[in-house]
Each structure stands twice: as structure tokens, then as C-alpha cells.
Colleague: 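What follows is a single structure, and I will ask about it in a moment.
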Amino acid sequence: MENTLKPMDAEQLREYGHKMVDFIADYYKSIESFPVLSQVKPGYLKELLPDSAPNHPESLQDVFEDIRQKIIPGITHWQSPEYFAYYPSNSSTAGFLGEMLSAGFNIVGFSWVTSPAATELEVIVLDWLAKMLKLPDQFFSAGQGGGVIQGTASEAVLVVLLAARDKILRKVGKKSLEKLVVYASDQTHSALQKACQIAGIVQDNFRVLKADRNSNYSLCPEVALEAISNDLSAGLIPFFLCATVGTTSSAAVDPLSELGKLSKAYGMWFHVDAAYAGSACICPEYRHYIDGVEEADSFGMNAHKWFLTNFDCSLLWVKDQRPLVQSLSTNPEFLKNKASQENAVVDFKDWQIPLGRRFRSLKLWMVLRLYGLENLQSYIRNHINLAEQFEQLIKTDSRFEVLSGNFVLRFAVGAPLTEEKHIKEAWKVLQDHATTLLRSI
């Protein structure tokens with residue numbers, strides 16, 4: 001039949017693929033023409049699209065037109081050079097090509113046997129990154145530890161919290177779950193709170209410890225020690241401490257060495273969340289921000305934030321994979337195979353929440369190969385230089401202070417296309433709003 005569906009016809013893929021690449025390239029060429037923040041109202045799209053899917057095929061050109069007219073107006077342009085909200089969410093040509101290749105292969109690589117290259121490339125590129133970050137040897141795959149790609153840092157902190165929970169419960173008994181206590185500063189990402197909810201940690205046993213401007217919003221070890229001592233006196237069981245390198249709200253860096261030693265002294269799992277600022281530590285002059293990581297049981301960094309790797313690509317390293325596997329492993333009959341049963345391979349299904357997993361290491365591999373360490377370091381340094389320029393602009397206006405501790409405006413530099421002119425344009429917008437605001441007082 002002439003109208004028989006051929007969903008993966010190679011020549012149609014070639015034709016449509018070229019058109020899609022052209023469409024995306026044109027989008028990037030014109031990205032500055034769009035308002036960064038979408039201007040639509042809630043429910044706008046329902047008024048523009050049919051209430052049922054089409055019965056018959058529509059042309060790609062018609063779909064492109066709908067994307068231009070109906071979808072793009074509802075996009076907040078995270079890749080705009082004028083985007084300074086939340087945190088960076090980098091894309092790049094290399095990352096995009098890796099994403100295309102992953103979609104093309106479309107494997108479901110939950111175990112080694114399902115696609116050996118997917119597992120082995122992930123092991124290799126996580127070791128590459130560990131070497132670039134100068135992580136301790138225990139985090140490399142040659143020993144009991146190693147790295148794995150999670151979807152987000154939220155997933156990363158959840159899996160290590162589950163591993164830590166089950167490890168301590170094997171020691172003190174399952175009935176002690178309600179006594180377990182988790183510690184973090186009030187600058188820590190809310191993902192930890194959600195992880196505690198999922199893991200069954202009693203809400204009142206999640207200790208959110210105060211950090212203030214006197215410590216540059218980092219967690220003071222003395223504050224943590226006091227909380228731990230109080231909980232021990234109350235018969236509770238401290239078991240997990242999370243430190244952050246680059247908090248979302250204030251870019252604070254917790255003192256890893258002191259907190260790590262404190263965790264070790266009390267037999268607690270110590271996790272370091274460097275999702276935001278960890279990328280900067282590939283530069284020798286910024287590596288000191290993760291000094292003390294040798295004390296950590298686990299360490300996480302988001303390559304999809306500031307490392308030119310398209311979302312999603314969250315990197316997690318553990319010193320000892322065994323607690324992770326013990327907590328998350330399942331082995332039904334349909335998943336059994338010779339390589340796994342002989343313990344000859346790594347099966348990343350046992351390091352994560354879902355069974356299925358994408359070939360995410362391809363895009364990280366492409367970024368590392370097409371750009372190289374020196375270019376990636378220069379990329380990071382350029383953004384830091386732009387942030388320092390913005391700081392100097394602030395200091396020229398007496399109406400503003402840098403992190404005054406009263407009313408704070410976050411300004412996150414890190415979009416791939418951002419240049420000095422965009423920093424200056426953003427500063428002009430802030431000055432204009434300040435002028436308007438002060439006139440009304």
C-alpha cells in the first residue's frame with residue numbers, strides 16, 4: 001500500500017532532519033529578537049490547538065508554522081544571551097549532536113548487555129571528568145566506587161540518601177527509621193527536602209540549619225555540631241549531612257573539609273552537591289572550592305548547567321557503589337544474563353530509580369572531544385569575568401550593594417551566547433527599574 005506508515009524511513013529522516021537542523025539554527029540566529037520571558041497567559045495554547053489529534057498526516061511545513069506561531073510564544077528562552085534567571089542550562093552544538101545520536105540509536109541501556117558501549121562509555125567519561133576535577137582515587141571506576149549519569153541532581157541526592165538510609169538501618173534495625181536525622185543549611189536546594197519525604201524521613205527530623213552573611217551563607221560546622229549533639233542527647237540517629245558548592249539562592253560554598261570530618265566522626269554519610277558551581281572546578285584556580293571532597297561519600301555535579309551538555313546530564317560519583325546497589329537493585333528473571341550474574345560488568349539500573357536509561361554519555365563525550373579541556377576552561381573563565389564586570393557595574397551605583405543581606409537580586413551569568421554587551425544591557429534595565437522604584441518612595 002502506498003500510504004503504509006514508514007516511521008523510520010532513512011531518506012525521509014535525511015530530508016526532515018536537514019529541515020529541522022535549519023529550523024533550530026534559524027531559531028538561534030534570531031533568539032535575541034524574542035522576549036526572554038514568555039508573555040502568554042495560562043491556558044493560551046488550548047485556544048490555539050484542536051481538541052483532538054489529526055486523523056491523517058499533516059505536513060512538516062505546517063508543523064513548523066505552528067511551532068513559530070503557537071509554541072515559540074510560549075517558550076521562556078533559557079538559551080537567550082539575556083537570560084540571567086535561576087542558573088545556567090547550557091546547550092551547545094556538541095551537546096546537540098550527541099543528543100541527536102542518542103535519539104537515533106534510541107537504546108534502553110539499563111544493563112551492560114542491552115548495549116555494552118552505553119555502559120562502558122559512561123564509565124569512561126565519568127572517569128575523565130573525575131580526573132579533570134582531581135577527585136580522589138576512590139571515586140574512579142577502578143576501585144569500589146565510580147560515576148553514573150543521573151537525570152538531575154534531585155535524583156542524585158535521592159539515590160544516595162536511600163543508600164545511606166538503608167546502610168544505617170542494616171546496622172540499627174529497620175524500626176529505627178523514625179529516629180534518623182538529616183542535616184543541611186537553609187541554602188541547600190529543596191531537592192533534599194523532597195528526597196527526605198520520599199525516603200520516609202520524619203519531617204521534623206530534617207534539620208535546616210541557619211546560615212547567614214557572617215559566614216557568606218555557608219554552613220558553619222559549629223552549628224552542625226550543636227544540632228548533632230542535641231539530637232544524640234535526644235536519642236535520635238544522625239545519618240546524613242549534605243554540603244553544597246554553589247547554592248542556588250546565594251552561590252554559597254560550604255566548608256567541605258570541616259563538615260566531612262564532622263560527618264566521619266559521627267558515622268554519617270557525607271554528600272557534596274556541586275550541581276551549580278562544580279563545573280568551575282575544572283579550572284585549577286577554582287579547584288580549591290571542592291577541597292575536602294576527599295571526606296565525601298558521594299559527589300554530584302550537573303554537566304547540563306554550566307558544562308555545555310544539553311539537559312539532562314547530572315553526574316554522580318560514589319566512593320563505594322555497594323550501598324547504592326544494595327538499596328536499588330532488582331533482579332527479576334527477564335533481566336538475568338551471564339555477564340551480570342558473573343559480576344563481570346556494571347549494570348547502571350542498580351544505581352538509579354528507574355529501570356530504563358538513555359544513552360546520555362554520548363553528548364558528554366561529544367562535548368569533551370569537540371571542545372577539549374582548555375576550551376572548556378576558557379568558557380568558564382569568560383563567564384566568571386563577565387560576572388566580575390557586572391559586579392563592578394554595581395559598585396559604580398550607590399543605590400546597590402553586592403549581597404547586602406537585605407533585599408537581594410540574583411544575577412546568574414552562564415548562557416552560552418552571553419557577551420559583555422548583554423551584561424551591560426541587563427544592568428541598564430536594573431538601573432531604570434531602580435530609578436522608577438525610588439521615585440515612588
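The shown structure was predicted, so the numbers you read here are calculated from the model rather than taken from an experiment. For reference, positions follow the sequence shown, starting with 1.
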Colleague: Got a sec, which residues hit salt bridge (Lys or Arg N to Asp or Glu O under 4.0 Å) with K70, two or more places apart in sequence or on another chain?
Modeller: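 With neighbours one apart ignored, the set is D66.
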
Colleague: Would you mind writing out the side-chain donor-acceptor pairs for residues 52-64 within the sub-3.5 Å range, not counting sequence neighbours?
Modeller:
{"unit_1": "S59", "atom_1": "OG", "unit_2": "D62", "atom_2": "N", "d": "3.0"}
{"unit_1": "S59", "atom_1": "OG", "unit_2": "D62", "atom_2": "OD2", "d": "3.2"}

Colleague: Inspect the contact between E122 and R360 and indicate whether a charged nitrogen and a carboxylate oxygen are less than 4.0 angstrom apart.
Modeller: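 Here R360 does not pair with E122 in a salt bridge, since their nearest N and O are not under 4.0 Å apart.
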
Colleague: Taking atom NZ of K336 as the centre, does the number of heavy atoms from other residues, nucleotides or ligands within less than 6.0 Å exceed 12?
Modeller: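 More than 12 heavy atoms, drawn from other residues, nucleotides or ligands, come within 6.0 Å of this atom.
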
Colleague: How would you list, by chain and number, every residue that makes a side chain to side chain donor-acceptor pair (under 3.5 Å) with Y16, sequence neighbours excluded?
Modeller: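 Result, side chain to side chain donor-acceptor pair (under 3.5 Å) vs Y16: none returned.
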
Colleague: Do V293 and P136 come close enough that some side-chain heavy atom pair is under 4.5 Å?
Modeller: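 A side-chain contact exists here, since the closest heavy-atom pair is under 4.5 Å.
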
Colleague: I'd like to check S89 versus K305 (side-chain heavy atoms, cut-off strictly below 4.5 Å). Are they in contact?
Modeller: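 They are not in contact (no side-chain heavy atoms under 4.5 Å apart), so the answer is no.
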
Colleague: Pairs under 3.5 angstrom only: tabulate donor-acceptor contacts from the side chains of residues 256-267 to other protein residues two or more places apart or in another chain.
Modeller:
{"unit_1": "S263", "atom_1": "OG", "unit_2": "L259", "atom_2": "O", "d": "3.0"}
{"unit_1": "K264", "atom_1": "NZ", "unit_2": "E295", "atom_2": "OE1", "d": "3.2"}

Colleague: Between D273 and T244, do the side chains contain a donor N or O and an acceptor N or O under 3.5 Å apart?
Modeller: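 Looking only at side-chain atoms, D273 and T244 do not form any donor-acceptor pair under 3.5 Å.
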
Colleague: Around atom CZ of R369, are there more than 12 heavy atoms from other residues, nucleotides or ligands closer than 6.0 Å?
Modeller: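 Atom CZ in R369 is not crowded, with 12 or fewer foreign heavy atoms closer than 6.0 Å.
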
Colleague: Quick check: are there more than 12 heavy atoms from other residues, nucleotides or ligands sitting under 6.0 Å from CZ of F311?
Modeller: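 Enclosed: over 12 neighbouring heavy atoms sit under 6.0 Å from CZ of F311.
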
Colleague: Treating Q352 as the side-chain partner and L355 as the backbone partner, does any N or O pair qualify as donor plus acceptor under 3.5 Å?
Modeller: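 Between the backbone of L355 and the side chain of Q352 there is a qualifying donor-acceptor contact (under 3.5 Å).
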
Colleague: Is there side-chain contact between V318 and V160, with at least one heavy-atom pair below 4.5 Å?
Modeller: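 Of all side-chain heavy-atom pairs linking V160 with V318, at least one is under 4.5 Å.
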
Colleague: Could you check whether any side-chain N or O of S92 sits under 3.5 Å from a backbone N or O of G95, counting only pairs where one atom can act as donor and the other as acceptor?
Modeller: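 A pair under 3.5 Å: yes.
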
Colleague: For the backbone of M100 and the side chain of S102, can you confirm whether one donor and one acceptor N or O come within less than 3.5 Å of each other?
Modeller: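 Side chain of S102 to backbone of M100: no pair is present.
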
Colleague: By ring pair (Phe, Tyr, Trp, His ring centres under 6.0 Å), which residues pair with W427, not counting sequence neighbours?
Modeller: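 For W427 the ring pair (Phe, Tyr, Trp, His ring centres under 6.0 Å) partners, ignoring immediate neighbours, are F390, F400.
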
Colleague: To the closest 0.5 Å, what do you measure between NZ (K363) and CD1 (I149)?
Modeller: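 Separation between the atoms: 8.0 Å.
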
Colleague: Within this structure, what is the CG-OG1 distance for the pair D186 and T247, rounded to the nearest 0.5 Å?
Modeller: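 The CG atom of D186 sits 9.0 Å away from the OG1 atom of T247.
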
Colleague: State, yes or no, whether a side-chain contact exists between Y276 and H189 at a heavy-atom distance under 4.5 Å.
Modeller: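 No, their side chains stay 4.5 Å or more apart.
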
Colleague: Side-chain donor-acceptor pair under 3.5 Å between Q150 and W351, yes or no?
Modeller: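 Not at all, the side chains of Q150 and W351 share no donor-acceptor pair under 3.5 Å.
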
Colleague: So, taking the atom named OG in S91 and the one named CH2 in W78, what distance separates them when rounded to the nearest 0.5 Å?
Modeller: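 Rounded to the nearest 0.5 Å, the OG-CH2 separation comes out at 12.5 Å.
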
Colleague: I'd like to check the ring pair (Phe, Tyr, Trp, His ring centres under 6.0 Å) partners of H271; sequence neighbours left out, ordered by chain and number.
Modeller: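 Ring pair (Phe, Tyr, Trp, His ring centres under 6.0 Å) check on H271 returns nothing, list empty.
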
Colleague: Within a strict 4.5 Å, meaning less than it, do heavy atoms of the E178 and I201 side chains meet?
Modeller: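 Side-chain contact under 4.5 Å: no.
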
Colleague: Could you grab the distance from atom CD of Q197 to atom OG of S190, nearest 0.5 Å is fine?
Modeller: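 If I round to the nearest 0.5 Å, the distance is 9.5 Å.
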
Colleague: Between E342 and K338, is there a salt bridge with N-O shorter than 4.0 Å?
Modeller: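 Salt bridge between K338 and E342, a charged N being under 4.0 Å from a carboxylate O: yes.
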
Colleague: Could you check D231 against R207 for salt bridge (Lys or Arg N to Asp or Glu O under 4.0 Å), going step by step and ending with a plain yes or no?
Modeller: CA-CA 10 Å; D231 286 332; R207 300 282 180 263; 2.9 Å; yes

Colleague: Among side-chain atoms of Y86 and T248, is any donor-acceptor pair under 3.5 angstrom?
Modeller: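 Result is no, nothing qualifies.
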
Colleague: Report the C-alpha distance between I228 and M268 in whole Å, list the side-chain angles of each, state the deciding distance to 0.1 Å, and finish with yes or no for side-chain contact (heavy atoms from CB on, under 4.5 Å).
Modeller: CA-CA 10 Å; I228 292 168; M268 301 168 64; 3.8 Å; yes

Colleague: Going by the rule ring pair (Phe, Tyr, Trp, His ring centres under 6.0 Å), which residues pair with Y379 if we only count those two or more places apart in sequence or in a different chain?
Modeller: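 Y379 satisfies ring pair (Phe, Tyr, Trp, His ring centres under 6.0 Å) with H383 once adjacent residues are dropped.
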
Colleague: Taking side chain as C-beta onward, heavy atoms only, is V272 less than 4.5 Å from V245?
Modeller: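 A side-chain contact exists here, since the closest heavy-atom pair is under 4.5 Å.
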
Colleague: Under the side-chain contact (heavy atoms from CB on, under 4.5 Å) rule, collect the residues that match up with I107, sequence neighbours excluded.
Modeller: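 For I107 the side-chain contact (heavy atoms from CB on, under 4.5 Å) partners, ignoring immediate neighbours, are F105, S115, A118, F359.
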
Colleague: Among L180, N205, V181, which residue meets the side-chain contact (heavy atoms from CB on, under 4.5 Å) test with F239?
Modeller: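 Of the listed options, the one satisfying the test is L180.
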
Colleague: Short question: side chain of W317, backbone of L126 - any donor-acceptor pair under 3.5 Å?
Modeller: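 Yes, W317 side chain to L126 backbone: donor-acceptor pair under 3.5 Å.
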
Colleague: Do L192 and F240 make a side-chain contact, defined as non-hydrogen atoms from C-beta onward lying under 4.5 Å apart?
Modeller: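 Side chain of L192 against side chain of F240, heavy atoms only: contact under 4.5 Å found.
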
Colleague: Tell me, which pairs form a salt bridge (Lys or Arg N to Asp or Glu O under 4.0 Å) where one or both residues lie in residues 134-157, sequence neighbours left out?
Modeller: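 Every pair satisfying salt bridge (Lys or Arg N to Asp or Glu O under 4.0 Å) with a residue in residues 134-157: there are none.
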
Colleague: What heavy-atom pair brings D254 and L219 nearest, and what distance separates the two atoms?
Modeller: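 Where D254 meets L219 most closely, the heavy atoms are OD1-N, 2.7 Å.
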
Colleague: Would Y27 and H77 count as a close aromatic pair, with their ring centres under 6.0 Å?
Modeller: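 That pair passes the under 6.0 Å test.
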
Colleague: Of the non-hydrogen atoms in A191 and S154, which two are nearest, and what is the gap between them?
Modeller: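 Of all heavy-atom pairs spanning A191 and S154, the closest is CB-OG, 3.3 Å.
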
Colleague: On a heavy-atom basis, which atom in A94 and which in M366 lie closest, and how many Å separate them?
Modeller: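 Closest pair (atom of A94, atom of M366, distance): O-CB, 3.5 Å.
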
Colleague: Does any N or O in the side chain of H18 come within less than 3.5 Å of the main-chain N or O of E15, such that one atom is a donor and the other an acceptor?
Modeller: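 Between the backbone of E15 and the side chain of H18 there is no qualifying donor-acceptor contact (under 3.5 Å).
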
Colleague: More than 12 non-hydrogen atoms from neighbouring residues, nucleotides or ligands closer than 6.0 Å to NZ on K319, yes or no?
Modeller: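 Counting neighbours around NZ of K319, more than 12 heavy atoms of other residues, nucleotides or ligands fall under 6.0 Å, so yes.
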
Colleague: Quick one: are T76 and Y83 in side-chain contact, heavy atoms under 4.5 Å?
Modeller: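 Counting from C-beta outward, T76 and Y83 do come under 4.5 Å.
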
Colleague: In chain order, what residues pass the ring pair (Phe, Tyr, Trp, His ring centres under 6.0 Å) check against Y371, with sequence neighbours excluded?
Modeller: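 Applying ring pair (Phe, Tyr, Trp, His ring centres under 6.0 Å) to Y371 gives none.
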
Colleague: Can you check side-chain contact (heavy atoms from CB on, under 4.5 Å) on Q389 and E420, steps first, answer last?
Modeller: CA-CA 8 Å; Q389 290 182 44; E420 183 179 351; 3.1 Å; yes

Colleague: Name all residues meeting the side-chain contact (heavy atoms from CB on, under 4.5 Å) criterion together with V429; count only those two or more places apart in sequence or in a different chain, and write none if there are none.
Modeller: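 With neighbours one apart ignored, the set is H433.
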
Colleague: Are the side chain of T119 and the backbone of P116 linked by a donor-acceptor contact shorter than 3.5 Å?
Modeller: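 Not at all, since once roles are kept as given, no pair shorter than 3.5 Å links the two residues.
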
Colleague: Does N302 reach the main-chain N or O of H304 with its side chain, forming a donor-acceptor pair under 3.5 Å?
Modeller: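 Flag not set: sc N302 to bb H304 has no pair under 3.5 Å.
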
Colleague: Return yes when atom CD of Q203 has more than 12 non-hydrogen atoms of other residues, nucleotides or ligands closer than 6.0 Å, and no otherwise.
Modeller: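 Check fails, neighbour count at 12 or below.
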
Colleague: Starting from the C-alpha separation in whole Å, work towards a yes-or-no answer on side-chain contact (heavy atoms from CB on, under 4.5 Å) for T418 and I423.
Modeller: CA-CA 8 Å; T418 300; I423 301 293; 4.1 Å; yes

Colleague: Taking S340 for the side chain and N337 for the main chain, is one N or O donor matched with an acceptor at less than 3.5 Å?
Modeller: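 Not confirmed, S340 side chain does not pair with N337 backbone.
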
Colleague: Is the side chain of S215 donor-acceptor paired with the backbone N or O of S218 at a distance under 3.5 Å, no angle test?
Modeller: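 At least one qualifying donor-acceptor pair exists.
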
Colleague: Which residues pass the side-chain contact (heavy atoms from CB on, under 4.5 Å) test with D350, sequence neighbours left out?
Modeller: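 side-chain contact (heavy atoms from CB on, under 4.5 Å) check on D350 returns V325, S329, D347.
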
Colleague: Run the side-chain contact (heavy atoms from CB on, under 4.5 Å) check on Q326 and D166 step by step: do they pass?
Modeller: CA-CA 8 Å; Q326 286 177 302; D166 292 350; over 6 Å; no

Colleague: With a cut-off of 6.0 Å (strictly less than), are more than 12 heavy atoms of other residues, nucleotides or ligands near CD of E388?
Modeller: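 Yes, CD of E388 has more than 12 neighbouring heavy atoms, counting only those of other groups under 6.0 Å.
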
Colleague: Main chain of F270, side chain of D297: is a donor-acceptor contact present, judged purely on distance under 3.5 Å?
Modeller: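 Between the backbone of F270 and the side chain of D297 there is a qualifying donor-acceptor contact (under 3.5 Å).
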
